[in-house]
Amino acid sequence: MSGEVSQQRLASQKLSKSITYYYAPITAAEDSTLRPTKDCPAPATLCPSALSSASSLSDSPASSSNLLQSSSSSSPLLSNPPTPLSSQTTQPSDPAAPFATTSSSSPRPLLLLLPWLGAKPIAVAKYRDLYLEHGVDVLVVESNVMHFLWPRWGLDYGLEILTVLDKPQFSGRPLLVHSCSIGGYTFSQILTHIAQRPEEHAGLAQRMIGHVYDSLVVGTLEHMATGLGRTLLPRFPGLVTNAAMFYFWLFKTHTADYYHRSIHVFQNNPVTAPALFFFCENDAMCDPVVMETVIDLWRKRGVAVESRKWKESVHAAHLRCHPEDYRSTFEKFMTSLPISSLKAKM
């Protein structure tokens with residue numbers, strides 16, 4: 001591991017207010033073996049994991065005891081992620097560098113990084129750099145609290161993310177997902193579109209070679225409300241928690257029912273690539289029993305699932321609290337994935 005990614009080797013593109021693309025520009029040494037993706041068609045099959053038959057979105061909500069959800073990420077707090085001001089920063093008008101691929105291997109892998117509510121840029125960078133160190137480009141996709149409070153907007157946002165992933169610079173690339181807290185909810189909105197239109201999005205699901213879930217909000221509506229309270233107004237969490245519960249009751253058909261359906265989709269995830277879960281027993285926003293039930297369900301469906309549970313830790317801060325343990329578990333998972341470029345970097 002090389003530690004922090006050199007800022008001189010890091011470039012970025014702001015694709016929208018909430019989506020930023022980070023990548024390592026091609027060096028002169030690499031230039032002789034790299035060429036733009038547009039000149040090098042991707043292989044027909046990029047991921048050996050097969051897409052299982054995507055379940056149709058259930059009209060009947062699952063029981064609240066199986067509810068798995070994530071508190072939302074505030075857009076203003078992540079509206080300006082760290083953008084290295086190096087002379088190598090590539091603008092959208094210069095497409096060659098970020099689309100590079102070797103002539104003898106598949107395109108550079110891409111990570112969809114979905115942070116937690118209130119995540120500061122310096123904290124997000126630590127997760128981003130875990131992947132950049134291994135030659136994986138990163139799309140940081142921020143979530144807004146309103147995507148959670150009004151799920152219809154969350155679904156629209158999920159479709160916007162799918163549209164970005166279908167752009168020429170990203171389509172055809174092996175895809176990984178790393179979601180923290182609210183990121184799990186945002187990813188469930190993407191999965192909902194995949195499950196509803198499996199034929200249209202089958203290519204995207206097949207490109208996914210691995211997904212990581214860190215500090216998902218798992219349990220009941222109370223776990224969701226608790227997450228909102230502790231994040232939006234940490235000095236008076238009970239006030240927000242009670243208000244959220246009333247809001248969920250008042251707008252049940254527009255909130256709670258959507259959450260139940262999203263959980264049904266997540267439990268029957270159309271993505272069958274290997275998965276990794278990080279969670280702890282003392283997280284007020286995660287019921288570890290329900291979390292383990294979800295993991296067992298996925299394993300019964302044939303998904304290769306690894307997990308790391310701590311007796312004590314902090315929600316969305318496992319990397320900070322247990323850095324060596326987190327990294328070793330992460331490295332073991334990454335080396336198990338079916339892509340040679342990851343192993344070469346390790």
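This is a predicted model, so every value here is computed, not measured.
Linking Ile, Leu, Val, Met, Phe, Trp and Tyr whenever their side-chain heavy atoms come within less than 4.5 Å leaves Ile295 and Val289 in two separate clusters. If you chain together hydrophobic residues whose side chains sit under 4.5 Å apart, Leu228 and Val314 never meet in one group. The hydrophobic cluster containing Tyr258 does not contain Leu159, counting ILVMFWY residues as joined when their side-chain heavy atoms lie under 4.5 angstrom apart, directly or transitively. If you chain together hydrophobic residues whose side chains sit under 4.5 Å apart, Leu155 and Leu149 never meet in one group. Clustering ILVMFWY residues whenever any of their side-chain heavy atoms sit less than 4.5 angstrom apart, transitively, puts Leu319 in the very cluster that holds Val212.
Side chains of Leu113 and Val141 form no contact here, defined as non-hydrogen atoms less than 4.5 Å apart. Side chains of Arg128 and Pro121 form no contact here, defined as non-hydrogen atoms less than 4.5 Å apart. Contact check for Ser16 versus Ile19: side-chain heavy atoms found under the 4.5 Å cut-off. Between Phe279 and Glu292 the shortest side-chain heavy-atom distance falls below 4.5 Å. By the 4.5 Å heavy-atom criterion applied to side chains, Leu114 and His178 are not counted as neighbours. Looking at heavy atoms from C-beta onward, Val124 lies out of side-chain contact with Glu142 at the 4.5 angstrom threshold. Side-chain atoms of Asp137 and Tyr22, non-hydrogen and from C-beta on, never get closer than 4.5 Å to each other. Side-chain contact check for His318 versus Ser215: some heavy-atom pair is nearer than 4.5 Å.
Under the 3.5 Å distance criterion, the side-chain polar atoms of Arg173 are matched with a main-chain donor or acceptor of Gln169. Judged by distance alone, with hydrogens and angles left aside, the side-chain atoms of Tyr247 form no donor-acceptor pair with the main-chain N or O of Thr255 at under 3.5 Å. At least one donor-acceptor pair closer than 3.5 Å links the side chain of Asn282 to the backbone N or O of Ser313.
Between Tyr157 and His147, the ring center distance clears the sub-6.0 Å criterion. Under the 6.0 Å cut-off for aromatic ring centres, Tyr131 and Phe330 qualify, their centroids lying closer than that. Side-chain rings of Phe248 and Tyr259 approach one another, their centers coming within less than 6.0 Å. The distance between the ring centers of Tyr127 and Trp116 falls below 6.0 angstrom. Trp298 and Phe266 have their aromatic ring centers within a separation under 6.0 angstrom.
Within the model, atoms OG of Ser179 and CG of Leu216 stand 5.5 Å from one another, a figure rounded to the nearest 0.5 Å. Here the CG atom belonging to Leu176 is positioned 10.0 Å from the CE atom belonging to Met208, to the nearest 0.5 angstrom. Distance CZ/Phe187 to OG1/Thr192: 10.5 Å, rounded to 0.5 Å. How far OG of Ser328 is from CZ of Arg308: 8.0 Å, rounded to the nearest 0.5 Å. Put simply, CZ on Arg207 and NE2 on His201 are 12.0 Å apart, with the number rounded to the nearest 0.5 Å. Taking CZ of Arg152 as the reference point, atom CD of Gln189 lies at 9.0 Å (rounded to 0.5 Å).
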field: Residue pair Leu112, Ile190: steps toward the side chain to side chain contact (heavy atoms under 4.5 Å, CB included) verdict
entry: CA-CA 11 Å; Leu112 182 64; Ile190 297 174; 3.9 Å; yes
query: Should Leu232 and Val145 be marked as a side chain to side chain contact (heavy atoms under 4.5 Å, CB included) after you check the CA-CA gap, both sets of side-chain angles, and the distance that decides it?
result: CA-CA 9 Å; Leu232 296 179; Val145 67; 4.1 Å; yes
field: Full working for side chain to side chain contact (heavy atoms under 4.5 Å, CB included) between Met291 and Val294
entry: CA-CA 5 Å; Met291 185 76 266; Val294 173; 4.2 Å; yes
message: What verdict does the side chain to side chain donor-acceptor pair (under 3.5 Å) test give for Tyr213 and His211, after you've listed the backbone C-alpha separation in whole Å, the side-chain angles of each residue and the deciding distance to 0.1 Å?
response: CA-CA 7 Å; Tyr213 302 98; His211 37 149; 2.6 Å; yes
message: Run Thr186 and Ile161 through side chain to side chain contact (heavy atoms under 4.5 Å, CB included) and show every step you take.
response: CA-CA 10 Å; Thr186 300; Ile161 297 169; 3.7 Å; yes
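Annotation for His193 and Gly158: closest pair CD2-C, 4.0 Å, computed over non-hydrogen atoms. In this structure, Pro270 and Ala195 approach most closely via the heavy-atom pair CG-N, 4.5 Å. Residue Leu337 comes nearest to Ile209 through the heavy atom pair CD2-O, 3.3 Å, listed as atom of the first residue, atom of the second, then distance. Contact between Thr253 and Asp257 at its shortest, heavy atoms only, is CA-OD2, 3.5 Å. The nearest pair of heavy atoms linking Val138 to Leu110 is N-CD1, 4.2 Å. Nearest approach of Cys280 to Lys309, heavy atoms of both residues: CA-CG, 4.3 Å.
Using a cutoff of 4.0 Å between basic side-chain nitrogens and carboxylate oxygens, Lys300 and Asp296 are not scored as salt-bridged.
Taking the six-membered ring where tryptophan is involved, the planes of Tyr21 and Phe170 are perpendicular, since the angle between them exceeds 60° and thus also 30°.
A donor atom on one side chain and an acceptor atom on the other are found under 3.5 Å apart for Asp325 and Trp310. Residues Gln13 and Thr20 have side chains that never bring a donor and an acceptor to within less than 3.5 angstrom of each other.
For Arg230, the CZ atom is loosely surrounded, since the number of other residues' heavy atoms within 6.0 Å does not exceed 12.
Among the candidates Thr220, Thr226, Leu221, the single residue satisfying the side-chain contact (heavy atoms from CB on, under 4.5 Å) test with His223 is Thr220.
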